[in-house]
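The structure appears below as structure tokens.
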There are 2 protein chains.
Amino acid sequence: MENLQNILVVDDEETICEVLKLNLEIAGFNVDVANSAEEALALNMECYSLILLDVMMGKMSGFELAGIIRSTERLKDIPIIICTAKDSEDDLVEGFSRGVDDYIKKPFSMRELVLRVKSVLRRAAGKGEASTLKYKTLTLDVVGKSCSMGCKRIPLTKKEFEILHLFLSYPGRIFSREEILNRVWDDDVLVIDRTIDVNINRLRRKLGEYGNNIMTKLGYGYGFQQ
Amino acid sequence: MENLQNILVVDDEETICEVLKLNLEIAGFNVDVANSAEEALALNMECYSLILLDVMMGKMSGFELAGIIRSTERLKDIPIIICTAKDSEDDLVEGFSRGVDDYIKKPFSMRELVLRVKSVLRRAAGKGEASTLKYKTLTLDVVGKSCSMGCKRIPLTKKEFEILHLFLSYPGRIFSREEILNRVWDDDVLVIDRTIDVNINRLRRKLGEYGNNIMTKLGYGYGFQQ
DNA sequence: GAAATTTGTTATACATTTGTAACATTAACG
DNA sequence: CGTTAATGTTACAAATGTATAACAAATTTC
């Protein structure tokens, strides 16, 4: 088993670490654990393909550790995923300014985590290759959270962006309103189905000619048609 | 009926068990019930494709049973879904650490349950999300909810799609009108048998030459002939 | 904390799907 | 053959699903 990729998990909660480790191992990764930023720094981090950081930790926060990693020459290209309790804008800004590659909000499913990890690794392997999703001249910059058609920028709101992100991640697939709700809206909010229709409508308009690629499948839901 | 997948439901509440059993059977599964973890252990669990566990049960909890299943060599790959009253972090952590595949919070709708069950089974089957059913040039894109003959798209309505989906899932099998009703129509709707005939007719027409593959077995029902 | 933006809801118009009834056709069987 | 039962076909009404606009509420921004 040569090809196993090493992942470092840094979190001060033992149980969380164990869960993460177990699930990532099941997904085929080799996982090491550090229970604090300091403990992580004591390791030779060079060997990891990806580092998974919790924001909230004892002395040094995940952000700080991310900053250190990014400013260390031999570590600066290692992808970092931050686990954050809430996705406050502040966190996002702080994270991006420190070069974090992806976020995952707690509580997250293990399935989702594994998907993100794989996605980030894929991106890293191709060197920025797939940090964007494309269809013809339509480009979605997943990291920069922006959208453009050719040279023209299309300002999307968060919901619009997330919906398009979901659709372009699985072109051709039809998502039920329930699925869209689960993946775009927070778990605790309660919105009616019509809300999705309205957001789809707004997105369609902003996408101009590409708006027609967002198809309605009567009785099923919506999706992006290639 | 070879292809029926077996599901084991373990719950100490008789009524819950009955409801689950009924609904899963309608969804096309074969369901056995155990009223306690101990009772479940007495069964030969090897034959089940999925085990649905309640957390709260008399002596042994669902988690404990999950732990036992996971640590038993010949059972350890069977997918497990846990039904939990509360979604406390603790429960989630405990569950994932024992290798549970999915959660469902009470109270849940039967529709949701069936969706989760199918999703977990699909995952377990190893074939990701993408799946199509084919017969010659006829292709049914199950995730895209679309149908095509060669390059030509055949727009199907939801009912038409669902009927064809059912038929192509078990080519050669004849479905009684009652079976078709149970699998294609929602539980609470009440339609007459002739409705199915009409929908079959519509489907046949849209399928053109393949329409002839939908055969009528007089006095029994309909099916797709390979 | 006021203005601007985003997001959710409601209401209405519109389009499609679906169910049913009525009648036509076909198969089974004496 | 002719009768009966089952299924095929058609047309239309009813039910359902979706698009859109307008407004209200929430959130963000300055």
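Keep in mind that what you see is a predicted model, and the values were worked out from it rather than measured. Residue numbers begin at 1 in each chain, while the letters A, B, ... track the order of the sequences.
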Looking only at side-chain N and O atoms, does A/Thr139 offer a donor or acceptor that is under 3.5 Å from a partner on A/Arg153?
no
Separation of D/dT16 atom P from A/Tyr220 atom OH, nearest Å, is 17 Å
Salt bridge flag under 4.0 Å for residues A/Glu160 and A/Lys206
yes
Angle of first-five versus last-five pair axes in the helix from C/dG1-D/dC30 to C/dG30-D/dC1, to 10 degrees:
40°
Can you name the residues that form a salt bridge (charged side-chain N to carboxylate O under 4.0 Å, His left out) with A/Lys159, not counting sequence neighbours?
none
To the nearest angstrom, the CZ-P distance between B/Arg204 and C/dT26 comes to 13 Å
List in chain and number order the residues that pass salt bridge (charged side-chain N to carboxylate O under 4.0 Å, His left out) with A/Arg194, two or more places apart in sequence or in another chain; answer none if no residue qualifies.
A/Asp197
Residue list, side-chain contact (heavy atoms from CB on, under 4.5 Å) with A/Ser71, at least two apart or on another chain:
none
Find the distance B/Lys145:NZ to D/dG17:P and express it as a whole number of Å.
15 Å
Which nucleotide sits closest to the side chain of B/Asn201: D/dT10, D/dT7, D/dA19?
D/dT10
Could you encode protein contacts along nucleotides 8-21 of chain C as a string, one character per nucleotide from 5' to 3', using B for base contact, S for sugar-phosphate-only contact and - for no contact, with a heavy-atom cut-off of under 4.0 Å?
BBB-----SSBBBB
Does B/Lys136 pair with B/Glu209 as a salt bridge, N-O distance under 4.0 Å?
no
With a 4.0 Å cut-off on heavy atoms, is A/Tyr222 in touch with a base, just the backbone sugar-phosphate, or nothing at all?
sugar-phosphate
Rounded to whole angstrom units, what separation is found between the CE atom of B/Met215 and the P atom of C/dA27?
16 Å
Qualifying residue, where the test is ring pair (Phe, Tyr, Trp, His ring centres under 6.0 Å) with B/Phe224 and the options are B/Tyr170, B/Phe175, B/Tyr210, B/Tyr135:
B/Tyr135
Taking atom P of D/dG8 as reference, at what distance in whole Å does atom CD1 of B/Ile214 sit?
10 Å
N/O donor-acceptor pairs under 3.5 Å from side chains in residues 19-28 of chain B, not counting sequence neighbours:
from: B/Lys21; atom 1: NZ; to: B/Glu25; atom 2: OE2; distance (Å): 3.0
from: B/Lys21; atom 1: NZ; to: B/Val31; atom 2: O; distance (Å): 2.9
from: B/Asn23; atom 1: ND2; to: B/Val19; atom 2: O; distance (Å): 2.8

